[in-house]
S.K.: 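One structure, as structure tokens, below. Some questions next.
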There are 2 protein chains.
Amino acid sequence: MRADAQRSYDRILAVAGDVFVEQGTNASMNEIAKRAGVGAGTLYRHFPDREHLLDVLLKDWVAQIQAAVDQTLAAGLPPRELLITWFEAVVRHISVHRGGAARLTAALGNTASMVDKWQGLATANQSVLRHLEARGAIRGGADTIQICRLVGGVAAVADAGGLLRDDTRDLLALIADGLLVAPAAALRCP
Amino acid sequence: MRADAQRSYDRILAVAGDVFVEQGTNASMNEIAKRAGVGAGTLYRHFPDREHLLDVLLKDWVAQIQAAVDQTLAAGLPPRELLITWFEAVVRHISVHRGGAARLTAALGNTASMVDKWQGLATANQSVLRHLEARGAIRGGADTIQICRLVGGVAAVADAGGLLRDDTRDLLALIADGLLVAPAAALRCP
DNA sequence: ACCTGAACACCGTTCAAGT
DNA sequence: ACCTGAACACCGTTCAAGT
């Protein structure tokens, strides 16, 4: 890639990130080009359409998730808190620009397209699950993709509905309780 | 309302329902007007913008939920199956046009706007919960709105990601297990 | 090879002119 | 009172002309 091309590419990506956070996923492409100081044609030379632009941005964000999972595991929390904290990290990471959560969750498990985009999320989630399984803290029957879908659904709802942090946390806690052997609320055992 | 106005109104609503199901929530307004056999101005006279059109359509669909709840309760299913069947009915009802689930779920609990749109859904869900509570089948701690949000999140994901019926059911089962006193999978009791 | 920006097709929305 | 449809502003996308 020639130096000027690289420069255009980087500027477009940086500006697009800002604009999508500000105005949502439907922001004007022409404005992105203008703000990046490039012609409209340059934008389309590097990113054939809006989808490509969003995909590249989202891939960046999802890559950061692996760092988040290590950090979460190292905190040494009890199972329920660990799970909820991890879910919150996921929601935060995939909600970086409005509409992003819905987009990523829609691609989840879709082997045909953009495998690597959600693969990172799935493996990160997997390692949290394994950690909890090793401690016998989790019931069987739910696989990683399903859990990612549920959490992604919460992220999409929180994103679209402008949910408060506490409300989002409550939803994630409900999911966590469905997965754990010993949920917070008392169980009536025979 | 004059007779010709009523006629325009009805035709627009009917055609819009079809077009939104076919092409999703972003379908062209001009095409809706053309297919309905009215001028563009007539469409905007009755529905100031796309939101109004979608709101009226969604309200219609949500109204049908009350019928669904009565039918579900009358089936006499055991708690887990009842809950899952009900959740499936909700997903089916709020997913009538692409993007509809996300839209409704975003408005959920938002007292400022469109209260009556989701109110019907919330009260219907409430009556299912009460039915299960009376049988001691449900753990405390989750209120109606939260559950509607979770189910709405699943609906949005299923809608956007083109999930199969069985995959959707699995997600709803996970939510149900989080709510029930005695989930399907074996619990290890002390 | 890469960039520019005018140009094209299309879309949401408006409004003067009609009945 | 209601409807029509040309018109306007805007947007995604393309492409001939430049360096």
S.K.: Which residue pairs pass the ring-ring contact (aromatic ring centres under 6.0 Å, His included) test with at least one member in residues 119-139 of chain B, sequence neighbours excluded?
M.R.: none
S.K.: Dot-bracket, DNA chain C: Watson-Crick or G-U, under 3.5 angstrom, [ ] crossing, | other strand?
M.R.: ||.|||||...|||||.||
S.K.: Indicate every side-chain donor-acceptor pair of residues 10-18 of chain B with a distance under 3.5 Å to a residue at least two apart or in another chain.
M.R.:
residue, atom, partner, partner atom, Å
B/Asp10, OD1, B/Gln6, NE2, 3.1
B/Asp10, OD2, B/Gln6, NE2, 3.3
B/Arg11, NE, B/Ala36, O, 3.3

S.K.: For residues 162-172 of chain A, dump all side-chain donor-acceptor pairs below 3.5 Å to protein atoms at least two apart in sequence or in another chain.
M.R.:
residue, atom, partner, partner atom, Å
A/Thr168, OG1, A/Leu164, O, 3.0
A/Arg169, NH1, A/Glu88, OE1, 3.2
A/Asp170, OD2, B/Gln146, NE2, 3.2

S.K.: What residues, two or more places apart in sequence or in another chain, satisfy side chain to side chain donor-acceptor pair (under 3.5 Å) together with B/Thr25?
M.R.: none
S.K.: Apply side chain to side chain donor-acceptor pair (under 3.5 Å) to A/Gln126 and list each qualifying residue two or more places apart in sequence or on a separate chain.
M.R.: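 Checked A/Gln126 against side chain to side chain donor-acceptor pair (under 3.5 Å); matches are A/Thr144.
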S.K.: Scan B/Ala27 against the nucleic acid and name what it touches under 4.0 Å (heavy atoms): base, sugar-phosphate only, or nothing.
M.R.: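 If one applies the 4.0 Å heavy-atom cut-off, B/Ala27 turns out to touch the sugar-phosphate alone, with no base involved.
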S.K.: Report the residues that fulfil side chain to side chain donor-acceptor pair (under 3.5 Å) with B/Gln66, sequence neighbours left out, ordered by chain and then residue number.
M.R.: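 Expected list: none.
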S.K.: Any ring-ring contact (aromatic ring centres under 6.0 Å, His included) pairs touching residues 149-171 of chain A, not counting sequence neighbours?
M.R.: none
S.K.: Hey, does A/Arg45 reach any base, or is it just sugar-phosphate, or nothing, if we go heavy atoms under 4.0 Å?
M.R.: base
S.K.: Going 5' to 3' on DNA chain D, which nucleotide is the first and which the last to come under 4.0 Å of a heavy atom in chain B?
M.R.: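 Reading along DNA chain D, I get D/dA1 to D/dG5.
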S.K.: List for me each residue that meets side chain to side chain donor-acceptor pair (under 3.5 Å) alongside A/Gln71, sequence neighbours excluded, and say none if there are none.
M.R.: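 If we apply the side chain to side chain donor-acceptor pair (under 3.5 Å) test to A/Gln71, skipping adjacent residues, there are no hits.
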S.K.: Please list all pairs meeting ring-ring contact (aromatic ring centres under 6.0 Å, His included) that have one or both residues in residues 26-51 of chain A, counting only residues at least two apart or in different chains.
M.R.: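 Passing the test, one end in residues 26-51 of chain A: A/Tyr9-A/His46, A/Tyr9-A/Phe47.
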S.K.: Is there a side-chain contact between B/Val128 and B/Thr72, using heavy atoms and a 4.5 Å cut-off?
M.R.: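 They are not in side-chain contact.
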S.K.: Please list residues of residues 30-43 of chain B whose heavy atoms come under 4.0 Å from any atom in DNA chain C, ordered by number; otherwise none.
M.R.: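 B/Asn30, B/Ala40, B/Gly41, in order of number.
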